[in-house]
Amino acid sequence: MRSPVYVLVDCNNFYASCERVFNPELNGKPVVVLSNNDGCAVACSKEAKALGIKVGTPIFECKGMMEGHDVRIRSSNYTLYGDMSERVMQILMGFTPEIEIYSIDEAFLRLDGLAHKDFLSYGKTIRAKVQRWTGIPVSIGIAPTKTLAKLANRYAKKHPETEGVFDLREEDSRKEYLQKVDVSDIWGIGFQYSKLLKKYSINTAWELSQAPMTWLRKNLTVKGLRTAWELKGFPCISLEETREAKQGICSSRSFGRPVKTLRDLQEALSSYASIGAEKLRSEHSVASIIGVFLGTNPFKSEPQYSNYYSANLAFPTAESSLLIHVALRSLQKIFRTGFSYKKVGIFLFGIVPERDSSPNLFGQFYQGSKSQTLMETFDQINQRMGRDTLRFASSGISNEWQMRREYLTDKFTTNWQELLEIVS
DNA sequence: TCTGGGGTCCTAGGACCC
DNA sequence: TCTGGGGTCCTAGGACCC
């Protein structure tokens, strides 16, 4: 059996790097990209991190740190990041057929199937190509397991002398390295587990790898057990090259300002239902249950209310208008006047592939119906002409409830009207 | 109603990830 | 004033069955 070589390719400060590609003036400056509604920092350039700004903190808490440092703030532009991600992944696919796209900015590769055996120099080639073709800097970790590849990647990011590529395959040198890694920095060990581990004096990755297996099984479930074996160098988590269809789809946003009227909630909900339906169709799936939820802002000291209602559909479908209709009817049932709402959204459940759906008792069905043809045309037009070219009237026009995006850059790569202009 | 071991299915909730 | 939006997996416990 060939011994596995896992490689994690991770884009450095991905969203901030994307912003820089289209605005080189940001190079060398602290850049912070905000979450939806311009709430928290979700990506920071290394200059921003150096100021003490941490990913996940509300931006209003960072005011003091930013003062006088010429910090450049951007609202998140997922259309741009999604497109840049696709370009990076395309390049990686050119290096090996064994690839798992793990998130928008990360991919696991397996290289042991290749004829090439000098993995360190291969890693440097990958890194240079992604940089040259997309402008995005990446870091690369190489190891016998995914968990170790994650750690190797982290080391490459933190140590410039590695030139962005670090290899943890050598077993003899691993112990010394693992002794320096805090348990909370291990993939799969979050806040609660690291608190528990530290209570039992398990402080480093090395100590976790040596911990009694029965204790781990009992307290951290099989997942903790797998992590420990992976740290020892035995692969327990394999590459997931094909992604299963999602089990549930959720579409929801917080509002930019408090929403009080049923009408605004209806508009917002209808547009989220429409987004959910699009996600469903992009996976060639249909859903049979739709849930609707709404809630006030729990951070505020004002009357609180939240509720949830779910409805079974007469037959599994991916038709936007039908899903919108049922969602709005459900909203009627849980809406109460007199509250300031912060959030509304939908869940889709009972998801099965389109081709597995069959007509119900009354002969109603989605696959092969006129509504399916309509939806396909709808999606094609929006794909070609830009999202929201066609939309549903129930989503409204003015959209006062829209999320805040004060610092948004253009969709440089996906919209003809917003291409980058070079002025000489 | 009680007795008992063994099984399945479902749901809620908790942990984690980016 | 301002606090993201998606997901996954696992377990415990209850309901129910024989």
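Chain letters run A, B, ... following the sequence lines, proteins first, then strands; residues in each count from 1.
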Grab the [atom1]-[atom2] distance between [X] and [N] for me, whole Å please.
X: A/Asn297; N: C/dG5; atom1: CG; atom2: P; value: 11 Å
X: A/Phe347; N: C/dG5; atom1: CZ; atom2: P; value: 12 Å
X: A/Asn219; N: B/dC16; atom1: CG; atom2: C1'; value: 16 Å
X: A/Gln247; N: C/dG7; atom1: CD; atom2: P; value: 11 Å

Self-check item: Aromatic ring of A/Phe60 stacked on base six-ring of C/dT3, 5.5 Å, 30°
Solution: no

Quiz item: Should B/dG7 form a Watson-Crick or G-U wobble pair with both distances under 3.5 Å, which nucleotide is its partner?
Solution: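 B/dG7 is paired with C/dC16.
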
Counting just side-chain N and O atoms, does [X] come under 4.0 Å of either OP1 or OP2 of [N]?
X: A/Arg226; N: B/dC16; answer: no
X: A/Lys195; N: B/dA15; answer: no
X: A/Arg253; N: C/dG6; answer: yes

Quiz item: Do A/Asp264 and A/Arg257 sit within salt-bridge range, that is, some charged N less than 4.0 Å from a carboxylate O?
Solution: no

Practice problem: Remember a base hit wins even if backbone is also touched, and classify A/Gly56 as base, sugar-phosphate or nothing at under 4.0 Å, heavy atoms. | Solution: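 It contacts nothing in the nucleic acid.
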
Practice problem: Would you classify A/Lys218 as touching base, sugar-phosphate or nothing, given that sugar-phosphate means primed atoms plus P, OP1 and OP2, and contacts are heavy atoms under 4.0 Å? | Solution: nothing

